[in-house]
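First the structure, in the form of structure tokens, and then the observations on it.
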Amino acid sequence: NAGVTQTPKFRILKIGQSMTLQCAQDMNHNYMYWYRQDPGMGLKLIYYSVGAGITDKGEVPNGYNVSRSTTEDFPLRLELAAPSQTSVYFCASRRDSEDYGYTFGSGTRLTVV
Amino acid sequence: DAKTTQPNSMESNEEEPVHLPCNHSTISGTDYIHWYRQLPSQGPEYVIHGLTSNVNNRMASLAIAEDRKSSTLILHRATLRDAAVYYCIFVSGNTGKLIFGQGTTLQVKP
């Protein structure tokens with residue numbers, strides 16, 4: 001198992017550009033999550049999904065969009081990049097029961113200039 | 001959303017036990033208590049979780065108070081590689097959202 005795979009690992013965007021952060025898991029997990037982490041801070045939940053075709057907003061969804069067409073993939077879209085979106089982005093997944101731990105990806109470090 | 005309270009930082013000496021406390025006074029009876037740690041420049045890593053009983057695994061032990069309003073993560077012999085930010089989180093509801101606080105930064109001295 002590869003676990004949770006995030007691509008790219010690093011990216012520099014110009015203000016106003018768009019990009020998609022990819023997240024894929026091969027564990028057949030229905031529950032998937034996107035977080036952002038600003039320097040020296042804890043993680044903030046952006047969006048989450050409890051299964052294919054089902055997504056919902058987290059704590060900080062503004063400026064982002066998600067889709068979940070398959071169980072494996074949960075991409076995060078930035079439409080008009082802003083400097084405030086400079087952050088490290090983490091994707092996570094979990095089995096259907098709360099009685100299991102969550103698996104996190106290694107992150108995407110995004111800089112908007 | 002679910003909130004926990006942890007000390008901002010703690011120090012330990014290498015090869016000594018470490019007890020990391022967490023308060024979660026608003027926890028409900030069906031919420032699981034999860035602990036994760038984050039090493040510098042890495043994603044969070046699962047450590048341990050539990051519901052009511054104390055739990056042990058190869059990484060750590062989790063002691064849960066009888067009223068479930070607090071818990072303690074126990075690292076039996078701290079190593080330099082255990083230096084990290086430790087997050088205590090309780091998972092509430094059927095969405096499984098993990099709501100992170102600031103965590104406890106553990107420093108391990110040789």
Side-chain angles (χ1 to χ4, degrees), chain A residues 1-7 9-10 21 23 25 27 29-51 54-61 66 68 74 87-109, chain B residues 1-9 22 24 27-53 55-60 62 64 68 73 84-105:
Chain A
N1 285 347
V4 177
T5 302
Q6 291 185 240
T7 55
K9 292 192 182 304
F10 304 93
L21 283 68
C23 175
Q25 51 88 12
M27 298 172 284
H29 288 175
N30 280 318
Y31 289 67
M32 296 187 73
Y33 307 84
W34 273 107
Y35 290 88
R36 60 175 287 172
Q37 185 174 34
D38 299 332
M41 306 295 286
L43 282 75
K44 297 288 188 185
L45 180 64
I46 306 171
Y47 271 96
Y48 66 97
S49 169
V50 299
I54 305 169
T55 62
D56 206 348
K57 297 177 181 179
E59 302 169 279
V60 290
V66 292
R68 185 91 184 274
F74 189 37
S87 191
V88 182
Y89 292 82
F90 293 103
C91 179
S93 73
R94 195 203 78 184
R95 293 175 67 168
D96 287 359
S97 168
E98 295 169 295
D99 196 14
Y100 289 93
Y102 294 64
T103 302
F104 284 80
S106 58
T108 294
R109 185 175 298 274
Chain B
D1 280 318
K3 294 295 183 187
T4 59
T5 303
Q6 300 176 251
N8 287 333
S9 62
C22 179
H24 28 80
I27 196 170
S28 71
T30 57
D31 296 339
Y32 280 81
I33 300 159
H34 284 239
W35 282 81
Y36 292 80
R37 71 180 186 181
Q38 188 174 24
L39 280 66
S41 301
Q42 295 189 24
E45 174 188 28
Y46 167 78
V47 177
I48 199 166
H49 76 284
L51 184 61
T52 55
S53 303
V55 184
N56 299 295
N57 67 20
R58 64 175 180 81
M59 290 182 69
L62 176 60
I64 301 172
R68 297 198 348 110
L73 178 70
V85 179
Y86 286 78
Y87 295 100
C88 164
I89 306 165
F90 66 89
V91 181
S92 190
N94 59 7
T95 61
K97 294 185 289 185
L98 290 177
I99 304 300
F100 285 78
Q102 289 298 102
T104 296
T105 299

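Below, chains carry the letters A, B, ... as their sequence lines are ordered, and counting in each starts from 1.
Counting heavy-atom pairs closer than 4.5 Å to chain A, the top residue among B/Pro44, B/Gly43, B/Gly50, B/Gly103 is B/Pro44.
Contact detail for B/Lys97 and A/Tyr48: the closest heavy-atom pair is CD-CE2, 3.5 Å. Closest non-hydrogen pair, B/Tyr87 versus A/Met41, comes out as OH-O, 4.1 Å.
A salt bridge (Lys or Arg N to Asp or Glu O under 4.0 Å) check over residues 99-108 of chain A, counting only residues at least two apart or in different chains, returns nothing.
In this structure, chain B has a heavy atom under 4.5 Å from the side chain of A/Gln37, while its backbone stays farther away. When heavy atoms are compared at a cutoff of 4.5 Å, B/Thr30 approaches chain A solely by way of its backbone atoms N, CA, C and O. There is no contact between B/Ile48 and chain A, counting heavy-atom distances below 4.5 Å. Contacts of A/Tyr35 with chain B are made by side-chain atoms alone, with heavy-atom separations under 4.5 Å and no backbone atom involved. Only the side chain of A/Leu45 comes within contact range of chain B, with at least one heavy atom under 4.5 Å from a heavy atom of that chain.
Applying the 6.0 Å contact sphere to CZ of A/Arg109 captures no more than 12 heavy atoms from other residues, nucleotides or ligands. The number of heavy atoms from other shown groups lying within 6.0 Å of OH (B/Tyr46) is above 12.
Contacts of B/His34 classified as ring pair (Phe, Tyr, Trp, His ring centres under 6.0 Å), with partners at least two apart in sequence or in another chain: A/Tyr102, B/Tyr36, B/His49.
Side chains of A/Arg94 and B/Leu98 form no contact here, defined as non-hydrogen atoms less than 4.5 Å apart.
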